[in-house]
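The figures that follow rest on heavy atoms only: side chains count, while hydrogens, waters and symmetry mates do not. Sequential numbering from 1 along the given sequence is applied to the chain's residues. We count ligands from 1, going down the list as the structure has it; atoms in each ligand are counted the same way.
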Amino acid sequence: MQDVRGLHHVTAIAGPAQENLDFYAGILGMRLVKKSVNQDDPGTYHLFYADAEGHPGTDLTFFPWAQMAPSRRGYGLSSEVSLTVPPGSLVFWASRLQRYGATIGTPEERFGQHALPITDPHGLSVALVESNDSLATAEPVQGEGGLGRTFTPWEESPVPVEHQIRGLESARMVERDLVVTSSFLTKAMGFAHLGTENGWHRYGVGGGKSGSYVDLREEPTMSRGAWGTGSIHHLAWRVDDEAHQLEMRKRVAENGSRPTLVIDRFWFKSVYFPEPGGVLFELATEGPGFAVDEDRAHLGESLVLPPWLEADRATIEGVLPKLAPPRY
Ligand code: ZN
């Protein structure tokens, strides 16, 4: 029986697109690997930040819905995304974030790892987490148990290669009922309980290395959270290919969720479903990847539309705010 491989990407809701670009490409130094539109709302950008090649597992994406109200914290939402940084690099990061006036929290120890919580300009909770796994850059192994995450440094980043963000570390989820979600994670998706600390329950796949675990917290008295600027929209999990995706889709349905049909997102194929606690999940294939429609050297430089939206390019470009290179 196959399980999901770890995080593929995390998608969040931002405020104005330029401020989002300034923070993630400018201050955090991630590469904007794709500048596209929300395929269900083409008047809104979909911005993808990742390593130099946009490898699965390194990708944080945003819908900048500037007119949306701020999110409401509560259960049924993923409340924080964490990003992997190399061991010993948090000193560099704290100083860099301070220099540019970013909102930083108090450094924490989480399950033996150093973490620096920060808040992005639109209220999203992000944590930078030091991980030894970040040093692994081996090609991912396909098939059962394959969990590697490839990282290619971005030579043009304002952040030196030795400190660059290596990829997605994990995400936090707030639940009204821990058991319904934890049993779904274990039965439908292959997670195992890895430990509990300070009210956070860690679940991981394949041993729970960097990029392949989530932390759950039970909050029975909170009200339901709501999407808005500064919230995470969904967590996408890696599947090898379409066969693996269909197998996982079947398991998800057998365990009581209602997955969508396979949707072609052009750079990968997607299936969406809510976990029983309400957090929106996606199963996303490894390929074909972001270089399918752009030269690797010029990823993210021009607006890329899926073929079915090309006819509306002029209208779409007229509606989208113009983006300047990152300012910070
Ligand atoms: Zn997605």
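Protein contacts to the Zn ion (ligand 1) involving N, O or S atoms at a distance below 2.8 Å are H9 NE2, H234 NE2, E282 OE1.
In the model, S210 has no side-chain atom that pairs as donor or acceptor with a side-chain atom of D133 under 3.5 Å.
Applying the side-chain hydrogen bond (donor to acceptor under 3.5 Å, both in side chains) test to residues at least two apart or on different chains, the pairs with a partner in residues 74-83 are Y75-R176, E80-R110, S82-S170. Counting only residues at least two apart or on different chains, the side-chain hydrogen bond (donor to acceptor under 3.5 Å, both in side chains) pairs with a member in residues 313-322 are E310-R313, R313-E317.
Residues Y24 and Y49 place their aromatic rings such that the two centres sit under 6.0 Å apart.
Every residue two or more places apart in sequence or in another chain that forms a side-chain contact (heavy atoms from CB on, under 4.5 Å) with T196 is listed here: H193, H201.
Of the residues F281, Y272, F63, the one that meets the ring-ring contact (aromatic ring centres under 6.0 Å, His included) test with H233 is F63.
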